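Only one structure is covered here, and it is reproduced in the block below.
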Amino acid sequence: MKQPNILLLMCDQFRGDCLSYAGHPDVKTPYLDTLASDGAFFDRAYSSCPSCIPARAALFTGKSQEHHGRVGYEDGIDWNYDHMLAEEFSTHGYQTQCVGKMHVHPVRKHCGFQGLRLHDGYLGYYRDASIPHFQHQTVTDDYLYDLKNALGSHADFNASGPECNSWVTHPWIYEERLHPTNWVTEESIRFLETRDRTRPFFLMSSYVRPHQPFDAPASYFDLYKDKELRAPACGDWDDTASTEQFGYRKDSIYGCNDAEQQHNAMAGYYACITHVDHQIGRLLSALMESGEYDNTVILFLSDHGELLFDHHLYRKVFAYEGSTHIPLLFHVGKNVCPSKPIRSNTITELRDILPTLLDFAGIPVPEGVDGFSLMPEIVGKPKEEQNNREYLHGEHSFHSGLSSHFIVAETDKYIWYSEKNTEQYFDLRKDPREEHNAIADEAYQARIAYLRALLIQELDGREEGYSDGVSLQSGCTPVANLSHIL
């Protein structure tokens with residue numbers, strides 16, 4: 001089989017349910033729906049450590065969070081790994097290019113990509129006055145450089161007003177063609193036009209949106225701003241008091257207590273998604289015009305989701321579906337190998353992408369990879385026994401006593417807050433929006449004990465002391481990075 005091209009389409013903070021194809025009642029995603037309906041769609045895809053840096057570490061290394069070492073969010077920690085995704089493709093004859101968000105350190109580290117056109121979105125760590133000049137975002141960000149060249153030194157990508165983690169919204173104030181979402185598409189198309197046609201390519205087009213700021217062009221806001229939108233999930237366990245206390249803060253993890261601004265934020269989020277979808281449509285058209293569509297494996301995913309006020313929560317890192325569940329779809333060009341559309345309930349995670357893509361390219365998978373290849377299932381072959389994950393262990397260190405671990409299986413989820421020593425259990429088959437905490441329900445006690453035992457096993461030997469092999473140990477001090485990567 002001839003080595004296929006690879007087009008990895010990635011978004012930041014894109015919920016797993018926010019595709020029309022996934023059944024969302026409001027958001028419109030015609031181009032991604034087209035890919036999904038003609039490809040392999042994975043309904044149970046997750047991010048096991050749901051924030052930007054650890055999620056990308058899993059994607060690039062194929063390792064679990066225990067092994068890539070990033071179990072929380074922390075900027076400024078060097079990326080030193082024995083292998084990375086683009087490096088494997090570069091070593092085996094591919095032309096490799098990333099356009100858009102990387103979010104690694106040092107900020108211009110290529111991670112094996114031969115070419116890099118960088119736009120990480122607003123990162124406060126790299127805008128601080130104390131950062132060395134050569135690492136400052138005004139120096140390192142290619143999109144910002146282009147924007148200032150087009151409009152003058154005053155221009156910036158936060159000029160519309162909304163902040164990079166807030167629920168504040170405002171349409172893009174410059175020409176639509178200058179939006180960072182459009183820029184990623186333009187630069188990706190330029191790569192397709194100028195690439196080395198003697199080699200297959202691996203192109204990662206990495207969009208910051210729908211991560212905040214919610215600043216899509218006004219025409220996209222118009223699609224949703226006056227529409228009645230599905231209400232956020234609301235459970236019998238929600239902490240409404242924290243929303244009342246903190247809900248006036250623009251970036252509160254407890255959401256927003258102003259109904260109008262909450263609606264505007266939801267509309268802004270969906271507007272960013274439809275804007276990205278239409279720009280992906282442009283890129284797919286360019287791929288078709290280049291004659292390479294049928295020779296290409298295309299996949300779409302995100303690093304994590306967005307709670308979007310589910311359970312009076314906002315942003316990510318929590319163990320709930322809005323945060324951990326991600327979209328994952330593959331489209332295999334007809335010249336690559338025969339395949340039929342499928343919809344899969346295999347529990348999959350970002351660590352599975354590296355072995356899957358290397359499998360399609362016929363490249364050996366490096367030692368130390370924890371993920372498994374989804375290629376057999378995508379092309380219609382029987383799943384191998386070891387490629388049928390019973391459950392996934394996820395986690396995230398966080399502030400305010402909210403560090404948590406979770407075990408998610410095909411039908412249910414168990415969550416443990418390690419500092420508070422509180423537990424939750426959700427029957428996802430009956431309660432997909434996690435609105436009833438069934439931790440005390442008699443009917444589930446045997447199942448809860450089994451899932452708790454799995455977590456005890458997963459955490460046994462961890463340096464934080466979360467497990468002694470027999471029981472979970474509360475009150476341990478969480479860390480964002482395990483010591484072996486420091």
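Computation of the quantities below employed the complete heavy-atom set of this structure, encompassing side-chain atoms and omitting hydrogens, waters and symmetry-equivalent molecules. Everything quoted here is computed from the prediction, not taken from an experiment.
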Problem set entry | Min side-chain heavy-atom separation Leu284-Ile298 under 4.5 Å | yes
Exercise. Under 3.5 Å, is there a donor-acceptor pair between the Asp38 and His331 side chains?
Worked result: yes
Exercise. For His325 and Asp43, which heavy atoms make the closest approach, and how far apart are they?
Worked result: NE2-O, 2.8 Å
Exercise. Does any non-hydrogen side-chain atom of Leu354 lie less than 4.5 Å from one of Pro366?
Worked result: yes
Exercise. Given Val297 and Ile378, is the side chain to side chain contact (heavy atoms under 4.5 Å, CB included) satisfied, shown in steps?
Worked result: CA-CA 11 Å; Val297 175; Ile378 292 168; over 6 Å; no
Problem set entry | Flag if over 12 foreign heavy atoms under 6.0 Å of NZ, Lys420 | yes
Exercise. Can Phe221 and Phe214 be said to form a ring pair (Phe, Tyr, Trp, His ring centres under 6.0 Å), step by step?
Worked result: CA-CA 9 Å; Phe221 271 97; Phe214 298 150; 8.3 Å; no
Exercise. How about Phe406 and His393: are their ring centroids closer than 6.0 Å?
Worked result: no
For this session: Would you mind reporting whether Tyr122 and Pro213 have side-chain heavy atoms less than 4.5 Å apart?
Result: no
Seminar exercise, completed: Scanning both residues in full, the closest heavy-atom pair of Ser48 with Leu392 reads CB-CD2, 4.3 Å
Problem set entry | Qualifying side-chain hydrogen bond (donor to acceptor under 3.5 Å, both in side chains) pairs with a residue from residues 261-271, counting only residues at least two apart or across chains | His24-Tyr270
Exercise. Does Arg351 come within less than 4.0 Å of Asp370, counting only side-chain N to carboxylate O?
Worked result: no
For this session: Show your working on side chain to side chain contact (heavy atoms under 4.5 Å, CB included) between Asp310 and Glu434 and close with a plain yes or no.
Result: CA-CA 9 Å; Asp310 282 353; Glu434 300 168 312; over 6 Å; no
Exercise. Is it true that the side chains of Asp75 and Tyr73 contain a donor and an acceptor less than 3.5 Å apart?
Worked result: yes
Problem set entry | Distance-only polar pair, side chains of Thr181 and Gln279, donor-acceptor under 3.5 Å | no
Quick one: side chains of residues 246-254, donor-acceptor pairs under 3.5 Å with protein atoms, not counting sequence neighbours, listed by atom name and distance.
residue	atom	partner	partner atom	Å
Ser252	OG	Phe246	O	3.4
Ser252	OG	Tyr254	N	3.0

Exercise. Are Thr346 and Phe372 side-chain neighbours, meaning at least one heavy-atom pair lies under 4.5 Å?
Worked result: yes
Exercise. Would you say the side chains of Ser51 and His396 form a donor-acceptor pair under 3.5 Å?
Worked result: yes
Exercise. Which side-chain hydrogen bond (donor to acceptor under 3.5 Å, both in side chains) pairs, counting each pair once, include a residue from residues 79-88, with sequence neighbours left out?
Worked result: Arg70-Tyr81
Exercise. Side chain to side chain contact (heavy atoms under 4.5 Å, CB included) between Glu464 and Val71: does it pass, once the steps are laid out?
Worked result: CA-CA 11 Å; Glu464 304 97 324; Val71 294; 4.3 Å; yes
For this session: Verify the distance criterion only: is there a donor paired with an acceptor across the side chains of Tyr314 and Gln212 at less than 3.5 Å?
Result: yes
For this session: Kindly compute the distance separating CG (Asp128) from CD (Gln135), expressed to the nearest 0.5 Å.
Result: 12.0 Å
Exercise. Nearest 0.5 Å, what's the CE-NZ distance between Met84 and Lys63?
Worked result: 11.0 Å
Problem set entry | Modelled atom types, side-chain donor and acceptor of His105 and Tyr125, under 3.5 Å | no
Exercise. Have Tyr207 and His275 got a donor and an acceptor in their side chains that come within less than 3.5 Å?
Worked result: no
For this session: Could you tell me the separation between the CG atom of Leu374 and the CZ atom of Phe330, rounded to the nearest 0.5 Å?
Result: 5.5 Å
Seminar exercise, completed: side chain to side chain donor-acceptor pair (under 3.5 Å) with Asp303: of Gln13, His103, Arg56, only one passes, and it is Arg56
Exercise. Is any side-chain heavy atom of Leu357 closer than 4.5 Å to a side-chain heavy atom of Leu299?
Worked result: yes
Seminar exercise, completed: Closest heavy-atom pair, Thr29 versus Cys18, reported as atoms and distance to 0.1 Å, is CG2-O, 3.8 Å
For this session: Please name all residues satisfying salt bridge (charged side-chain N to carboxylate O under 4.0 Å, His left out) with Asp215, sequence neighbours left out, ordered by chain then number.
Result: Arg209
For this session: Assess Arg127 against Phe157: is NZ or CZ under 6.0 Å from the centre of the six-membered ring, and within 45 degrees of the ring's axis?
Result: yes
Exercise. Is the closest side-chain heavy-atom distance between Leu59 and Met10 below 4.5 Å?
Worked result: yes
Problem set entry | Heavy-atom check, side chain of Arg230 versus side chain of Asp17, under 4.5 Å | yes
With a 3.5 Å cut-off and sequence neighbours excluded, list the donor-acceptor pairs that the side chains of residues 474-486 form with protein atoms.
residue	atom	partner	partner atom	Å
Asn481	ND2	Glu74	OE1	2.7
Ser483	OG	Glu463	OE1	3.0
His484	NE2	Glu66	O	3.2

Exercise. Would you say the side-chain atoms of Ser471 and Gln473 include a donor-acceptor pair closer than 3.5 Å?
Worked result: yes
For this session: Could you pull out all residues at least two apart from Lys316 that satisfy salt bridge (charged side-chain N to carboxylate O under 4.0 Å, His left out)?
Result: none
Exercise. Under a 4.5 Å cut-off applied to non-hydrogen side-chain atoms, are Asp120 and Thr140 in contact?
Worked result: no
Exercise. For the residue pair Phe318 and Tyr320, does the interplanar ring angle fall in the parallel (under 30°), tilted (30 to 60°) or perpendicular (over 60°) class?
Worked result: parallel
Problem set entry | Reported CG-to-CZ distance for the pair Leu19 and Phe41, which is rounded to 0.5 angstrom | 5.5 Å
